[in-house]
Amino acid sequence: MPLFHTGGCVCCVLGAVSQRATQVLVEAFDPGLVIELLETYRANAMLAVPTMLVGMMEHPSFATADLSSLKAIYSGGSTVPASIVTALEQRLGAAFTIVFGQTECSPVALMTWASDTTADKAETIGSPMPNVEVKIVNPDTGQTVPVGEVGEICTRGYHVMHGYFENQAATARRSTPRVGCTPATSERWMAGAIAPSRAG
């Protein structure tokens with residue numbers, strides 16, 4: 001993931017630092033090079049948007065490369081078709097999860113679990129992270145919308161990826177909530193004009 005983006009600089013760099021992991025960087029995404037580096041360095045986790053994953057799957061070296069070291073693949077940035085989830089999990093035997101969020105969430109607010117069904121991974125954005133509140137609101141009224149109605153996602157809390165900072169629960173409880181909705185909505189929410197609701 002590009003380092004100018006929150007996916008690369010937070011999920012990848014800070015994620016690697018938090019786990020004392022080695023991160024292998026590339027100057028620009030090239031499917032053949034990434035496959036070669038995954039194999040050479042025996043990488044065990046990667047984060048890529050669906051377009052990158054498709055590029056890798058369509059590359060001639062993908063079928064024969066030894067990628068057995070991969071244990072986790074994270075994706076996001078758009079929906080991930082069930083066919084990609086299934087193909088990668090079957091070919092690599094690696095757990096596949098979808099992350100959803102935005103820069104202001106630092107950046108993950110919701111995430112599927114490795115144990116979720118393929119349909120859930122392809123058709124949902126998962127459940128809220130621990131210590132995170134999520135709701136869908138009408139952007140004009142700020143009111144929570146009924147299930148199935150289109151609205152704006154609002155989230156607040158301590159946003160991290162599953163498995164990261166697990167030993168810092170006390171710090172999480174003391175942290176200042178981060179808000180990932182529009183400024184007008186977040187101001188009303190933080191002022192107590194919008195009652196928070198638990199999703200999940």
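Each residue takes its place number in the sequence, starting with 1.
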### side-chain contact (heavy atoms from CB on, under 4.5 Å) assessment of Met56 paired with Val34
CA-CA 8 Å; Met56 291 172 60; Val34 170; 4.0 Å; yes

### Steps toward side-chain contact (heavy atoms from CB on, under 4.5 Å) verdict (Trp113, Ser127)
CA-CA 8 Å; Trp113 292 86; Ser127 56; 3.4 Å; yes

### Step-by-step side-chain contact (heavy atoms from CB on, under 4.5 Å) determination, Phe96 to Leu53
CA-CA 12 Å; Phe96 193 98; Leu53 296 173; 3.8 Å; yes

### Task
Take Thr40 and Val24 through the side-chain contact (heavy atoms from CB on, under 4.5 Å) test and state the conclusion after the steps.
CA-CA 10 Å; Thr40 300; Val24 180; over 6 Å; no

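At a threshold of 4.5 Å between non-hydrogen side-chain atoms, the residues Leu88 and Met57 count as touching. The side-chain heavy atoms of Ser68 and Arg42, taken from C-beta on, include a pair separated by under 4.5 Å. Side-chain atoms of Leu67 and Met46, non-hydrogen and from C-beta on, never get closer than 4.5 Å to each other. Counting heavy atoms from C-beta on, the side chains of Ile98 and Met111 never come closer than 4.5 Å. Using a 4.5 Å heavy-atom threshold, the side chains of Val108 and Cys11 count as touching. Counting only heavy atoms from C-beta outward, the side chains of Lys135 and Glu152 never approach each other to under 4.5 Å. Using a 4.5 Å cut-off on side-chain heavy atoms (C-beta onward), Ile84 and Val54 make contact. At a threshold of 4.5 Å between non-hydrogen side-chain atoms, the residues Cys12 and Met1 count as touching.
Between Thr155 and Ala109, the closest heavy-atom pair is OG1-CB, 3.7 Å. Nearest heavy atoms, Ser18 versus Gly15: OG-O, 2.8 Å. The two residues Ile125 and Ile153 make their nearest non-hydrogen contact at CD1-CD1, 4.3 Å. Contact detail for Ala94 and Glu89: the closest heavy-atom pair is O-CG, 3.4 Å. In plain terms, the two heavy atoms of Gly7 and His5 that are nearest each other are N-ND1, 2.8 Å. Considering every non-hydrogen atom in both Pro50 and Gly76, the closest pair reads CD-O, 3.2 Å.
How far CD of Glu36 is from CG of Asp30: 9.0 Å, rounded to the nearest 0.5 Å. Note that the CD atom of Glu39 and the CG atom of Asp66 stand 5.5 Å from one another [nearest 0.5 Å]. Within the model, atoms OG1 of Thr118 and CD of Glu123 stand 10.0 Å from one another, a figure rounded to the nearest 0.5 Å. The OG atom of Ser69 lies 7.0 Å from the NZ atom of Lys71; values are rounded to the nearest 0.5 Å. To the nearest 0.5 Å, atom CD1 of residue Ile73 and atom OG1 of residue Thr97 are 9.0 Å apart. With rounding to the nearest 0.5 angstrom, the OG1 atom of Thr124 is 6.5 Å from the CG atom of Asp116.
Residue Phe29 is not grouped with residue Leu3 when hydrophobic side chains (ILVMFWY) are merged at heavy-atom distances under 4.5 angstrom, including chains of intermediate members.
Side-chain N or O atoms of Lys121 include none that pairs as donor or acceptor with a backbone N or O of Val80 at under 3.5 Å. Side-chain N or O atoms of Ser75 include one that pairs as donor or acceptor with a backbone N or O of Ala48 at under 3.5 Å.
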